[in-house]
**Student:** 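Provided herewith is a single structure, encoded as structure tokens, for subsequent inquiry.
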Number of protein chains: 2
Amino acid sequence: MILVRPSFLLGRFRTYSTARSSLTVDALVYPKYGRPTEVLKWHSYPLPALTPETVHVKFLASPINPADVNQLQGAYPVKPPFELLGNTDDTKYAVGGNEGVAQVIATGDKVTDLKVGDRVTMAKAGYGTWRTYAAGPVSDFQPLSKADKNVTDVQLATLSVNPCTAYRMLKDFVHLEKGDYVIQNGANSAVGQSVIQLAKAWGIKTVNVVRNRPDIDQLRDDLMQLGATHVITDDVLGSHETKTMIKEWGQPKLGLNCVGGKSATEMARHLSANGQFVTYGAMARAPLALPASLLIFKNLAFHGFWMTRWTDTHSMEERTEMVDDLVAMMARGDFVEPKWTQVDWKEDSVKSAVDHGIQGFGTGKQVILF
Amino acid sequence: MILVRPSFLLGRFRTYSTARSSLTVDALVYPKYGRPTEVLKWHSYPLPALTPETVHVKFLASPINPADVNQLQGAYPVKPPFELLGNTDDTKYAVGGNEGVAQVIATGDKVTDLKVGDRVTMAKAGYGTWRTYAAGPVSDFQPLSKADKNVTDVQLATLSVNPCTAYRMLKDFVHLEKGDYVIQNGANSAVGQSVIQLAKAWGIKTVNVVRNRPDIDQLRDDLMQLGATHVITDDVLGSHETKTMIKEWGQPKLGLNCVGGKSATEMARHLSANGQFVTYGAMARAPLALPASLLIFKNLAFHGFWMTRWTDTHSMEERTEMVDDLVAMMARGDFVEPKWTQVDWKEDSVKSAVDHGIQGFGTGKQVILF
């Protein structure tokens with residue numbers, strides 16, 4: 001893991017703070033939706049000049065997320081802007097990627113909210129994070145005031161989607177008291193690991209459902225180490241013994257689902273009356289089947305959660321409160337990043353990672369380090 | 001339709017207002033759950049004596065609802081009390097039925113909230129309404145202060161479940177402005193007809209889905225007459241033309257589902273973003289299949305509604321406010337009862353109606369007139 005120290009970088013970039021930019025941006029762009037490895041191409045263009053209200057940032061790390069791949073295929077509801085990026089032909093490009101961390105390397109004269117050396121994430125989805133530099137107004141970026149040197153670039157680069165999703169799902173659907181239970185499937189996903197860590201920090205107990213596998217004992221140990229209260233496998237989720245066991249532990253008030261299909265329905269059956277069930281993914285690619293009795297007599301409610309919509313419908317103040325809270329946990333060592341592998345900043349490496357993503361990723365985040 | 005005039009009845013029953021009761025109750029009771037027509041039996045017992053805090057009521061009309069049949073089978077979450085009813089052997093009985101209207105025929109000396117001649121419904125499910133008389137505290141009964149002579153016994157006997165369900169579903173899940181759309185399936189059910197009438201009275205527009213049938217034009221006319229804005233058949237619910245048409249009318253903010261299965265999923269697709277979908281029945285006996293995209297990207301939320309739970313978790317004041325509102329609409333002629341057929345108060349007639357209920361009822365309520 002590479003630890004970038006802002007204090008070290010400050011000197012290197014201070015010279016750009018007022019000068020007209022002479023930097024060249026290298027970016028992975030696409031002119032249209034299609035097969036990701038075919039439409040993605042390397043493109044270089046001059047970084048737009050600094051203006052009084054804009055900043056220049058240098059990207060430090062950007063993950064390759066499943067949604068990025070869907071977006072390239074045109075199958076994601078967030079459509080990135082297609083723009084002329086320094087090129088003089090009429091081809092408009094979108095820059096790949098949605099999440100990442102960058103460092104401010106220059107600020108316009110009227111900018112007061114950011115300073116050179118600050119690390120930032122993107123304020124909204126659809127920004128285009130697979131590039132070396134970007135220029136834009138302060139409102140494009142999310143300040144990270146709590147990001148001290150203990151917080152790594154990879155932690156910040158993977159903050160905006162998964163940890164924030166876990167944070168909101170635990171906060172926004174039901175009031176959880178200390179000792180209350182949450183049940184989640186896909187518990188070893190990046191969101192799942194975030195849920196475990198946040199719940200532990202907040203005194204909430206977790207029942208974590210994972211697929212059975214040859215190395216299940218290792219996975220159980222890893223998740224328990226992270227703060228999981230219980231880990232169970234999906235092949236026993238519907239059994240009478242599991243039902244009795246979960247009732248003894250305490251029926252969960254909240255269910256978090258990124259799988260769908262039969263396993264999700266079985267998970268819903270373990271919720272307490274009036275429980276809330278939140279779907280944020282569909283890894284099994286099968287719809288959620290809801291017996292009417294769970295709705296009518298047990299009064300379960302079924303919601304969806306999508307971080308992009310939350311961000312679009314909430315103020316910068318609310319976003320900052322959440323981000324500061326998460327980053328402060330990272331600074332204290334209470335929140336670690338998910339397992340990840342480095343992707344080199346080369347056209348072939350990124351394309352190969354995207355191609356891997358089409359197959360369904362597997363475990364661990366892929367993160368471009370610039 | 002039989003119109004019972006309280007003023008006419010008053011004289012007949014006034015003699016019981018303070019005397020110790022010498023009335024005999026005839027009831028259809030069951031000693032255990034089982035095949036309804038086998039376990040149901042006629043039972044007569046003395047009406048318990050009046051006490052200072054109790055009232056005596058005479059039943060006027062009680063429907064035979066699907067839930068009553070399920071309850072007899074032991075398949076309904078509301079379990080009625082099994083009690084000794086005047087009998088000296090040890091057999092405890094439950095009285096059939098949950099809904100009905102009765103008239104106060106005697107009041108204890110300390111009773112101030114009800115007077116002889118008042119019509120009442122049952123305060124809660126599980127009371128046992130297939131009997132001629134009952135005795136109990138005032139809290140067993142729901143006063144109907146707005147029930148003037150224009151309001152029929154059948155209207156009141158069928159008020160507590162279906163019209164109240166429609167009322168709450170339209171009020172409690174999303175704020176509807178005048179001109180907003182609601183979509184519902186099973187639109188010709190008793191709840192469906194209540195939804196149509198309430199929505200019309202409140203300025204809300206309705207898209208009403210019914211099964212296609214040979215006499216569809218007649219049914220459409222009937223529902224339009226009742227106040228439906230649009231009537232469509234379920235066989236075209238998933239078509240592109242229907243989608244375009246509903247978009248032009250205005251996408252519904254609320255969906256009400258008593259069917260389930262494929263038709264319910266198709267109905268959900270017509271909701272506007274952030275729409276609320278409420279399931280209160282499962283006539284198709286198939287689970288609701290929810291594609292994750294409707295939850296995650298369209299942000300639909302799926303709830304259940306069960307009138308019994310609402311009643312159990314809300315105060316008498318809230319219940320009275322709703323009941324008064326509905327009864328006042330009935331008194332003004334703005335709310336008519338569903339189609340119904342009379343069931344005679346004879347063991348064979350009621351058993352035959354219950355047996356008919358096991359087959360799924362069909363259209364129209366069956367109402368015992370005492």
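Labels below follow one simple rule: chain letters A, B, ... track the order of the sequence lines, proteins then strands, and each chain is numbered from 1.
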**Student:** Side chain, backbone, both or neither: which part of A/L294 has an atom under 4.5 Å from a heavy atom of chain B?
**Tutor:** neither
**Student:** Atom NZ of residue position B/K79 - does it have more than 12 heavy atoms of other residues, nucleotides or ligands inside 6.0 Å?
**Tutor:** yes
**Student:** Taking every non-hydrogen pair under 4.5 Å, which of A/P287, A/P291, A/G281 racks up the most with chain B?
**Tutor:** A/P287
**Student:** Less than 4.5 Å apart, side chain to side chain, heavy atoms only: is that true for A/N299 and B/R309?
**Tutor:**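 Counting from C-beta outward, A/N299 and B/R309 do come under 4.5 Å.
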**Student:** Could you state the interatomic distance from CZ (A/F302) to CG (B/L288), rounded to the nearest 0.5 Å?
**Tutor:** 9.0 Å
**Student:** Other residues, nucleotides and ligands only: do more than 12 of their heavy atoms fall within 6.0 Å of CD on A/E321?
**Tutor:** no
**Student:** Hey, could you give me the OG1/CD1 distance between A/T279 and B/I296, rounded to the nearest 0.5 Å?
**Tutor:** 6.5 Å
**Student:** Check whether A/Y76 gets within reach of chain B through its side chain, its backbone, both or neither, counting any heavy atom under 4.5 Å.
**Tutor:** side chain
**Student:** Which atoms of A/F305 are under 4.5 Å from chain B, going by heavy atoms: the side chain, the backbone, both sets, or neither?
**Tutor:** backbone
**Student:** What is the distance from atom CG of B/N257 to atom CG of A/L295, rounded to the nearest 0.5 Å?
**Tutor:**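 CG of A/L295 is found 8.5 Å from CG of B/N257.
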